[in-house]
> 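The structure follows.
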Number of protein chains: 2
Amino acid sequence: MDSAEETTGGYRPWSEVTPDAARRLLVAAVEAFAERGYHATTTRDIAGRAGMSPAALYIHYKTKEELLHRISRIGHDKALEILETAASGPGSAAGRLDAAVRSFVLWHAAHHTTARVVQYELDALAPEHRSEIVELRRRSDAAVRRILADGVAAGEFDVPDVPGTTLAVLSLCIDVARWFNTAGRRTPEEVGALYADLVLRMVGAAPEAAQK
Amino acid sequence: MDSAEETTGGYRPWSEVTPDAARRLLVAAVEAFAERGYHATTTRDIAGRAGMSPAALYIHYKTKEELLHRISRIGHDKALEILETAASGPGSAAGRLDAAVRSFVLWHAAHHTTARVVQYELDALAPEHRSEIVELRRRSDAAVRRILADGVAAGEFDVPDVPGTTLAVLSLCIDVARWFNTAGRRTPEEVGALYADLVLRMVGAAPEAAQK
DNA sequence: AAGGCTGCTAAGCGCTTGCTCACCCTCCGG
DNA sequence: CCGGAGGGTGAGCAAGCGCTTAGCAGCCTT
């Protein structure tokens, strides 16, 4: 099992999870959930991947669902941070949209294992955890919508349906986590560049407008 | 449980499944798989929704996985038919792309319960069933790529990366099944129209070019 | 009326699941 | 040298899983 994709890239993921054994369990859970899905993953599988006995899991986490919640929370925090950073940055709306799509897609491709769990296992969360996460997603939506609205107001974009286009842009980016494969021909950077171009076309912005 | 979305629209879905009890079980399975996912759905749940005992399921299907395979096969056949019909139709490349995206998205929205199972439960299939389905998906990809290549050759489209754009277009359409909600504000037709417009912009076709 | 086929159920088998519990290391301040 | 706390294990429990089997009602044919 290769997890190089999670440890490269300059920043150390999951560094906020301590102690060490809790982090190893969480990383093992991310891999297992991404491969087989939350419901098809057993606590024995997670513990085994982390090199521990099944009982060890319950020293650090109350339930299997708490593990998913921690993963989902940390992942959504990161995704939201990426979008809000791009949305509130300097430069033109086109430049900010380019940066938002590019970095958001880059994250989904480079960390597609994590992203797959974060984006596709929402329904497995307990109701109170689910609504907490849904609120974070609402804020992600708002960040993208703000860029589009700014671009329309500034005359940079031609977007007849801002909420609908916001939905489509986020949907397009999120779905990268489903199909992206490290064995494929494209690097995360290439996919980010391709998608940024496609999205700028969707909003009717000239390609050169993205150069802030 | 309301299944009006599966019975409206002029064509009768699952009519190819007989006898009646087998169809009722299959429809029940579609609903259950879409709501909770394949692995989280029990055979008792499926049988209960169909108003039968758990054992009744095994008269018509050998295993729970065979149910998923039948659903996936029928759904993929329908999806492929929609794309190939549009791809080999008359008219300009822009007109065919418009029709393909519009009808493909319409199907994913109107039958989002079925589409969710078809598009997101692929990994739960047994290896030999999975590769059969993957072949159908390869042909869907080829149908869209053909339209894009035709448009580029005819000078209608400006698409620097045909395989990448094909992937993005299909990904965008497929993901409709994940977020579409009958309680939402948009009708399947409206989403189809919106997405057809967005995709035509992605390939650099003038909106009026779609009018064959 | 008899016989057999079809479609279904009640009961339950063998197994796996999430999770618990009694116990045991290792480290560390006094 | 001790005692307790934190991190770990082996064994196992109750519940739920996919699936099987024995048996039975209703209907078609003869």
Side-chain angles (χ1 to χ4, degrees), chain A residues 14-72 117 121-130, chain B residues 14-72 117 121-130:
Chain A
W14 312 124
S15 58
E16 59 270 68
V17 182
T18 53
D20 189 71
R23 179 169 50 246
R24 270 160 49 218
L25 283 163
L26 190 134
V27 169
V30 167
E31 287 175 10
F33 291 163
E35 264 177 46
R36 305 143 98 98
Y38 175 80
H39 288 295
T41 298
T42 69
T43 54
R44 284 164 176 80
D45 183 20
I46 297 169
R49 284 172 192 251
M52 299 166 116
S53 79
L57 198 153
Y58 293 91
I59 295 163
H60 301 283
Y61 304 95
K62 271 200 298 233
T63 63
K64 176 177 142 184
E65 193 269 346
E66 191 194 320
L67 253 173
L68 177 64
H69 175 230
R70 288 273 260 273
I71 293 165
S72 195
V117 179
E121 299 289 351
L122 253 172
D123 290 342
L125 288 169
E128 71 273 22
H129 291 156
R130 195 176 185 284
Chain B
W14 311 125
S15 57
E16 59 270 68
V17 182
T18 54
D20 189 70
R23 179 169 51 244
R24 272 159 48 217
L25 283 163
L26 189 133
V27 169
V30 168
E31 287 175 9
F33 292 163
E35 264 176 46
R36 306 141 96 98
Y38 174 79
H39 287 295
T41 298
T42 69
T43 55
R44 285 162 176 81
D45 183 21
I46 297 168
R49 283 172 192 250
M52 299 166 116
S53 79
L57 199 152
Y58 294 90
I59 295 160
H60 301 283
Y61 303 96
K62 271 197 299 232
T63 63
K64 177 176 139 184
E65 193 268 346
E66 190 194 321
L67 252 174
L68 176 64
H69 175 230
R70 288 274 259 272
I71 293 166
S72 194
V117 179
E121 299 290 351
L122 251 172
D123 290 341
L125 289 168
E128 71 272 23
H129 291 157
R130 196 176 184 285

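Heavy atoms only: backbone and side chains are in, while hydrogens, waters and symmetry mates are out. Here is the naming used below: chain letters follow the sequence lines, and residue numbers restart at 1 for every chain.
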> Report, as a single string ordered 5' to 3', how protein heavy atoms within less than 4.0 Å touch nucleotides 14-29 of chain C: B base, S sugar-phosphate only, - not at all.
---BBBBB--------
> Rounded to whole angstroms, how far apart are CD1 on B/Ile59 and C1' on D/dA25?
13 Å
> At their closest point, which heavy atom of A/Ile71 faces which heavy atom of A/Ala29, and how far apart are they?
CD1-CB, 4.0 Å
> Quickly work out the B/Met52 CE to C/dA10 C1' distance and round it to whole Å.
15 Å
> Can a donor-acceptor pair be found, under 3.5 Å and without considering hydrogens, that links the side chain of A/Arg36 to the backbone of A/Thr41?
no
> Identify every side-chain donor-acceptor pair in residues 51-63 of chain A under 3.5 Å, counting partners at least two apart or on other chains, and give the distances.
residue: A/Tyr61; atom: OH; partner: A/Ala22; partner atom: O; Å: 2.8
residue: A/Thr63; atom: OG1; partner: A/Glu65; partner atom: N; Å: 3.3
residue: A/Thr63; atom: OG1; partner: A/Glu66; partner atom: N; Å: 3.1

> Salt bridge check: are A/Glu35 and A/Arg49 linked by an N-O gap of less than 4.0 Å?
yes
> Hey, is the side chain of B/His60 poking within less than 4.0 Å of OP1 or OP2 on C/dC8, counting only N and O atoms?
yes
> Measuring from B/Ser72:OG to B/Leu125:CG, what's the distance to the nearest 0.5 Å?
5.0 Å
